[in-house]
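Before any comments, here is the structure.
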Amino acid sequence: MRHSEYFIPTHKEIPSDAEIISHQLMLRAGMIRKLTSGVYTYLPTGLKAVRKAENIIREEMNRAGAIEVLMPAVQPGELWKESGRWDYYGRELLRFKDRHNRDACLGPTHEEVITDLVRKEIHSYKQMPINFYQIQTKFRDEIRPRFGIMRGREFIMKDAYSFDTDEEAADRSYRIMYEAYTRIFNRCGLKFRAVEADTGTIGGSSSHEFMVIAKTGEDQIITCSDCDYAANVEKAEVSPVMEPREVMENGMSLMEEVVTPGIKTVSEVTSFLKISPDQLIKTLIYKADDEVIAVLIRGDHELNEHKFQSFVGAGEIELAGPDLVFEITGAPTGFAGPQGLKIKIIADQSIRGMKNFVTGGNKKDLHLKNMNIGRDFTVDRFADLRLITSTDLCPKCGGKISFGRGIEVGHIFKLGTKYSQALNALFLDEHGKEKPVIMGCYGIGVSRIVAAAIEQNHDKDGIIFPIPISPFEVTILPLRVDEKIIIDTTERIYQELLDQKIDVLLDDRAERPGIKFKDADLLGTPVRLTIGPKGLKNGEVEIKLRSEPKSFTCPINDAATIIRKKITGLYDSLK
RNA sequence: CGGGACGUGGCUCAGUCUGGUAGAGCACCGCGUUCGGGACGCGGGGGCCGGAGGUUCAAAUCCUCUCGUCCCGACCA
């Protein structure tokens with residue numbers, strides 16, 4: 001590709017409304033432009049990067065036996081009502097009416113559509129296993145789009161759906177996708193980790209997220225240093241801490257009221273009473289759908305809302321506001337306690353063995369000391385409800401855990417029969433018995449892969465693209481386009497590279513060298529060939545890898561061969 | 001939706017507090033000199049100051065409303 005006949009509008013200035021590196025660099029390198037909040041146009045180089053990621057995904061999906069289809073972006077509301085998600089999915093689902101006043105929506109995901117297809121077309125165990133995938137634009141009306149392409153409202157996604165006759169086969173499909181995902185992200189040159197994850201609104205029994213390790217990641221993940229356990233903090237189990245319980249009977253002190261004027265937060269209460277936070281119990285009042293529930297958490301812990309939500313099985317949970325708290329406890333927020341509450345009380349397992357602790361007094365400016373479970377109040381149920389902390393141990397092996405951040409680029413779910421039952425996707429097994437198909441679904445954020453790769457691979461000068469998803473493999477910089485020798489040499493090598501099917505950008509603009517170097521670094525093409533008057537005098541040209549600090553020179557006639565080798569080397573390093 | 005900030009040539013921003021009729025750098029066009037890390041000189045084009053209403057002799061500047069964008073929280077590939 002000749003730069004002069006192409007379109008790469010770069011900027012020197014950092015756009016003021018771009019916060020994270022990948023967003024800034026994609027704008028500056030001329031890969032994307034924003035149309036409106038969370039919605040972007042892909043310019044030629046941005047599109048090329050996305051297409052390369054798509055092709056890798058396509059190859060690996062096909063290799064894994066999945067079959068490509070393309071489903072509609074616009075979907076009938078009817079289907080969503082049938083699956084029950086029309087009401088449940090909420091505000092991210094962009095809804096509208098067509099001219100006949102029928103409900104419609106822009107597809108944020110395609111479980112409904114694919115299940116509809118399958119219920120119409122798959123009737124026998126002989127037709128399974130089968131896995132359909134598509135690469136398509138999705139629209140989710142995110143509450144807060146941000147970080148450019150990373151969390152847009154409109155984004156390109158690969159989604160796949162597997163259909164199996166029994167659990168065992170479904171597990172096999174899941175494993176095959178797990179392996180395909182591993183190959184895909186490796187081939188894209190990403191440093192990533194598969195972690196156990198929460199299933200969220202998609203539902204289902206188990207799932208893994210593929211996290212690209214990056215400081216700017218939106219998700220917190222924990223990894224064990226001793227075994228291979230890794231999980232999203234939303235999901236991370238906490239191993240039950242069993243305190244010795246026998247002391248409880250003997251060691252209970254007399255309950256005591258203490259006046260705590262205006263003392264509300266954990267840190268205020270603990271410093272006022274000169275106790276440590278693990279001697280205090282927080283009482284959180286939550287609305288879970290229509291029920292109000294009190295949750296007890298130790299002062300130094302945080303409630304994990306995901307665990308809480310799935311424990312109580314609620315569609316929506318919400319921390320109670322001041323009015324509701326007052327109605328339930330008789331006190332303003334900050335003074336709630338479990339004693340005398342007429343609602344269900346559930347508690348994190350860590351407080352099971354606690355004694356003589358502090359709670360709120362259910363009265364303004366009052367706390368209670370020496371509170372004890374059983375004597376002063378009862379807990380309906382204990383469960384693992386809190387966020388894991390750095391002092392917790394690995395739930396699998398008891399090893400040390402560490403915290404990190406990741407960008408979710410892929411997510412795979414075992415769905416079970418959630419959608420097939422709701423939508424009546426049934427088949428006949430070998431005994432002629434009717435059963436719901438067992439599903440799995442598997443997503444990859446295609447556009448997000450590009451952003452994540454940049455997030456992980458850049459320096460002060462710009463992007464350092466992993467070669468498989470770089471818009472170009474090689475950039476040629478002829479430093480003068482008004483000197484015949486330079487032009488001739490350039491054209492010859494350019495042609496040679498093209499003949500070898502190498503994806504090359506020839507910067508044939510009549511620009512000064514500095515501009516060409518800066519632009520080349522910005523766009524981050526892995527291999528750069530510089531052809532300048534100095535080198536040509538010695539019959540040499542200069543080659544530099546974007547990922548390495550130093551360049552080297554080589555004879556003109558060897559350039560194409562050496563470049564070929566370098567490119568092969570870059571691809572091989574990702575295998 | 002709650003909390004915060006910002007909208008001034010294509011981009012980055014100054015001017016707003018203290019009203020007096022719009023600037024800089026970069027980018028763009030022309031000519032010349034330059035040419036291995038975002039050159040220089042000369043000349044030039046481009047802005048209803050997000051929009052509407054109001055106050056005033058006079059509004060980018062003050063007031064009200066509105067739209068948009070970004071940042072912090074709940075969602076997710």
Side-chain angles (χ1 to χ4, degrees), chain A residues 9-20 23 27-28 30 33-39 53 57 89-93 108-110 135-160 181 197-202 207 209-212 218-219 232 234 305-306 309 316-319 321 406-413 441-452 461-462 477-483 486 510-522 528 530-537 541-542 544 551 553:
Chain A
T10 57
H11 284 303
K12 187 152 63 171
E13 313 267 4
I14 298 170
S16 62
D17 58 359
E19 191 68 10
I20 61 167
H23 188 194
L27 287 166
R28 287 188 52 209
R33 288 292 182 261
K34 184 174 71 182
L35 176 64
T36 180
S37 177
V39 177
I57 292 167
Y89 209 93
R91 48 273 133 205
E92 280 110 61
L93 185 62
T109 174
H110 285 70
I135 294 173
Q136 208 235 25
T137 296
K138 302 268 196 271
F139 193 94
R140 293 184 189 166
D141 202 354
E142 292 279 345
I143 301 162
R144 187 153 92 83
R146 60 188 127 171
F147 302 149
I149 242 61
M150 193 78 89
R151 177 178 296 280
R153 295 192 293 167
E154 188 174 289
F155 59 99
I156 301 168
M157 179 174 170
K158 187 282 310 180
D159 49 327
Y181 273 42
D198 191 63
T199 51
T201 46
I202 308 264
S207 85
E209 285 168 338
F210 288 78
M211 292 287 193
V212 168
E218 290 188 83
D219 291 278
N232 195 312
E234 293 173 353
E305 292 197 339
H306 295 88
Q309 182 169 14
E316 220 162 300
I317 57 161
E318 190 188 353
L319 193 59
I407 298 163
E408 184 188 0
V409 290
H411 201 158
I412 59 180
F413 301 83
C441 83
Y442 316 91
I444 292 181
V446 181
S447 29
R448 186 178 279 185
I449 283 180
V450 177
D461 295 313
L477 303 186
L479 295 187
R480 300 282 309 242
V481 292
D482 53 357
E483 284 189 24
I486 293 181
E511 290 290 356
R512 299 168 57 81
I515 289 174
K516 296 189 179 189
F517 284 127
K518 289 291 182 191
D519 273 353
D521 286 346
L522 223 204
R528 187 183 81 194
T530 308
I531 301 171
K534 280 186 191 167
L536 279 195
K537 271 185 208 139
V541 293
E542 180 199 273
K544 182 177 177 303
S551 61
T553 56

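Chain A is the first sequence line, chain B the second, and so forth, proteins listed ahead of strands; every chain is numbered from 1.
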* Asked: Any side-chain N or O of Arg144(A) under 4.0 Å from OP1/OP2 of rC72(B)?
  -> yes
* Asked: How long is the span from the CZ atom in Arg528(A) to the NZ atom in Lys516(A), to the nearest 0.5 Å?
  -> 12.0 Å
* Side-chain (Arg33(A)) to main-chain (Leu27(A)) donor-acceptor, under 3.5 angstrom -> yes
* Main-chain N/O of Ile156(A) paired with Ser447(A) side-chain donor or acceptor, under 3.5 Å -> yes
* To do: Send over the distance from Asn232(A) CG to rA77(B) P, rounded to a whole Å.
  => 11 Å
* **Pairing partner (Watson-Crick or G-U wobble, both distances under 3.5 angstrom) of rC31(B)** => rG41(B)
* Asked: Taking the six-membered ring for Trp, are Tyr181(A) and Tyr442(A) parallel (under 30°), tilted (30 to 60°) or perpendicular (over 60°)?
  -> perpendicular
* Asked: Between atom CG of Leu522(A) and atom OG1 of Thr10(A), what is the distance when rounded to the nearest 0.5 Å?
  -> 6.5 Å
* Asked: When all nucleic acid strands are considered with a 4.0 Å heavy-atom cut-off, which category describes Lys158(A): base, sugar-phosphate, or nothing?
  -> nothing
* Structure fact -> Applying the 3.5 Å cut-off to both distances, the Watson-Crick or G-U partner of rA77(B) turns out to be none
* Between Glu218(A) (CD) and rC72(B) (P), how many Å, whole number? -> 9 Å
* Summary of protein contacts for nucleotides 34-41 of chain B, nucleotide by nucleotide, where a base hit scores B, a sugar-phosphate-only hit scores S (4.0 Å, heavy atoms) -> BBBBBB--
* **rG54(B) to rG9(B) separation - P atoms, rounded to the nearest Å** => 25 Å
* At under 4.0 Å between heavy atoms, what does Met211(A) touch on the DNA or RNA strands: base, sugar-phosphate, or nothing? -> nothing
* Specify the separation, in whole Å, of atom CG of Asp219(A) and atom C1' of rA74(B). => 14 Å
* **Watson-Crick/G-U partner (both atom distances under 3.5 Å) of rC62(B)** => rG54(B)
* Asked: At under 4.0 Å between heavy atoms, what does Thr36(A) touch on the DNA or RNA strands: base, sugar-phosphate, or nothing?
  -> sugar-phosphate
* Asked: On a whole-Å scale, what distance lies between the C1' atoms belonging to rU64(B) and rG73(B)?
  -> 30 Å
* To do: Sticking with atom P, work out how far rA22(B) lies from rU18(B), rounded to a whole angstrom.
  => 23 Å
* Asked: Would a distance-only check, ignoring hydrogens and angles, find a side-chain to backbone donor-acceptor pair under 3.5 Å from Arg153(A) to Arg140(A)?
  -> no
* Asked: What's the CZ-C1' distance between Phe210(A) and rC76(B), to the nearest Å?
  -> 17 Å
* To do: Check the distance between rC70(B)'s C1' and Phe147(A)'s CZ and give it to me in whole angstrom.
  => 11 Å
* Structure fact -> Heavy atoms of Pro533(A) and Glu483(A) approach each other most closely as CB-OE1, 4.3 Å
* **Complement of rG47(B), any strand, by Watson-Crick or G-U distances under 3.5 angstrom** => none
* Rounded distance [0.5 Å steps], NZ in Lys12(A) versus CZ in Arg28(A) -> 10.0 Å
* **Pairwise C1' distance, rC62(B) and rC57(B) [rounded to whole Å]** => 16 Å
* Does Asp521(A) have any side-chain hydrogen bond (donor to acceptor under 3.5 Å, both in side chains) partners at least two apart in sequence or in another chain, and if so, which? -> none
* Asked: For atom C1', what is the distance between rA59(B) and rU21(B), given to the nearest Å?
  -> 9 Å
* **Distance, P atom - from rU12(B) to rG45(B), rounded to whole angstrom** => 25 Å
* **Approximate separation, where rounding is to 0.5 Å, of Glu408(A) CD and Arg151(A) CZ** => 8.5 Å
* Asked: Which heavy-atom pair separates Met211(A) from Asp219(A) by the least distance, and what is that distance?
  -> CE-CB, 3.5 Å
* Rounded distance in Å between the C1' positions of rU61(B) and rG50(B) -> 16 Å
* Asked: Is there a Watson-Crick or G-U wobble partner for rC11(B) with both distances under 3.5 Å, and which nucleotide is it?
  -> rG25(B)
* Asked: Any side-chain heavy-atom pair from Asp159(A) and Cys441(A) closer than 4.5 angstrom?
  -> no
* Asked: With nearest nucleotides of RNA chain B determined for Gly410(A) and Pro145(A) from heavy-atom distances, which residue corresponds to the more 5′ nucleotide?
  -> Pro145(A)
* Is Gly152(A) touching bases, backbone alone, or none of the nucleic acid, heavy atoms closer than 4.0 Å? -> base
* Any Arg146(A) side-chain nitrogen or oxygen under 4.0 Å from OP1 or OP2 of rC76(B) -> no
* Asked: For Arg448(A) and rC76(B), what is the distance between atoms CZ and P respectively, to the nearest whole Å?
  -> 12 Å
* **P atoms of rA58(B) and rU69(B), separation to the nearest Å** => 34 Å
* Structure fact -> Rounded to whole Å, CD of Glu154(A) lies from C1' of rC75(B) at a distance of 18 Å
* Rounded to the nearest angstrom, tell me the gap between atom CG in Leu27(A) and atom P in rU69(B). => 15 Å
* Give one of base, sugar-phosphate or nothing for Asp141(A), where a contact means two heavy atoms less than 4.0 Å apart. => nothing
* hbond_proxy Arg151(A) side chain to rC76(B) base (donor-acceptor, 3.5 Å cutoff) -> yes
Is there any protein nitrogen or oxygen under 3.5 Å from a nitrogen or oxygen in nucleotides 12-16 of chain B, and what are the pairs?
from    : atom 1 : to       : atom 2 : distance (Å)
rU12(B) : OP1    : Ser16(A) : N      : 2.8
rU12(B) : OP1    : Ser16(A) : OG     : 3.2
rC13(B) : OP2    : Ser16(A) : OG     : 3.2

